[in-house]
Amino acid sequence: MGDLLDAIKARRAVRCYTEQMVEREKIDKVIEAGLYAANGKGLQSPYIIAITNKELRDRLSTLNREIGGWDPPFDPFYGAPVVLLVAVDEDYKNRVYDGALVIGNMMLEASSLGLGSCWIHRARETLKSRLGQEVLKLAGLTDKTYEGIGFCILGYPKDVPAAAPRREGRVRYVD
Ligand SMILES: Cc1cc2nc3c(=O)[nH]c(=O)nc-3n(C[C@H](O)[C@H](O)[C@H](O)COP(=O)(O)O)c2cc1C
């Protein structure tokens, strides 16, 4: 078995994708990695909404761009064909920790499958919008109020950037 650290170092935020759709089997594996993330109290609180429909993906991109204050034709999903939205009950106190770990796991699995991924923000504002409510309804999540923790975009990378050097002095051993 390879060293997991090598895989962790190989994962990078990808911001340039080909148009090729990701195979369902690979999307499922990425999602499974998210489902196996550690989670507060073992409650498995996060939901993962997989958006593969191009029209919906494009509408979410437009909304994300508007929330971010960018001008068209900027695509905050960078051309990635798949968007995984992580949502957690907004009343659950560990929602951000749990959701963040899900996205972290999914990005690592994506990288190990040769896919590109990137955490994209503004999921919180998205789920508060009319379009966000529509997505939750389509996903059958209407029982409570959900907070958007983040989007994990997925696709085949055109280019994987090199890692930035790590900042010095961020580790303190107290022996
Ligand atoms: C909480 C969080 C929010 C992020 N939001 C965005 C985003 O909205 N757009 C984007 O292009 N990258 C976003 N990123 C990716 C970071 O910019 C990226 O991880 C960082 O530059 C380090 O690069 P690396 O992942 O290749 O190490 C986000 C990452 C995190 C953890």
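Read the numbers this way: they start at 1 and go in the same order the structure lists the ligands and their atoms.
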- Message: Under the ring-ring contact (aromatic ring centres under 6.0 Å, His included) definition, can you give me all pairs with a residue in residues 21-71, not counting sequence neighbours?
- Response: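 Listed by first then second residue: Tyr47-Tyr146, Trp70-Phe74.
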- Item | Ion pair Arg57/Asp75, N-O distance below 4.0 Å |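 Salt bridge: yes.
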- ring-ring contact (aromatic ring centres under 6.0 Å, His included) with Phe151: which residues, sequence neighbours excluded?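 ring-ring contact (aromatic ring centres under 6.0 Å, His included) list for Phe151, sorted by chain: Phe77.
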- Nearest atoms (heavy-atom pairs only) where Met21 meets Thr52: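 Scanning both residues, the minimum pair turns out to be CE-O, 3.4 Å.
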- Item | From CA spacing to verdict: side chain to side chain donor-acceptor pair (under 3.5 Å), Lys158, Tyr78 | CA-CA 11 Å; Lys158 276 190 183 161; Tyr78 306 108; over 6 Å; no
- Item | Results of side-chain hydrogen bond (donor to acceptor under 3.5 Å, both in side chains) for Gln133 - residues two or more places apart only |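 Result, side-chain hydrogen bond (donor to acceptor under 3.5 Å, both in side chains) vs Gln133: none returned.
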- Amino acids contacting ligand 1, non-hydrogen cut-off under 4.0 Å: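 Heavy-atom contacts below 4.0 Å: Arg11, Arg12, Ala13, Arg15, Tyr78, Cys118, Trp119, Ile120, His121, Arg122.
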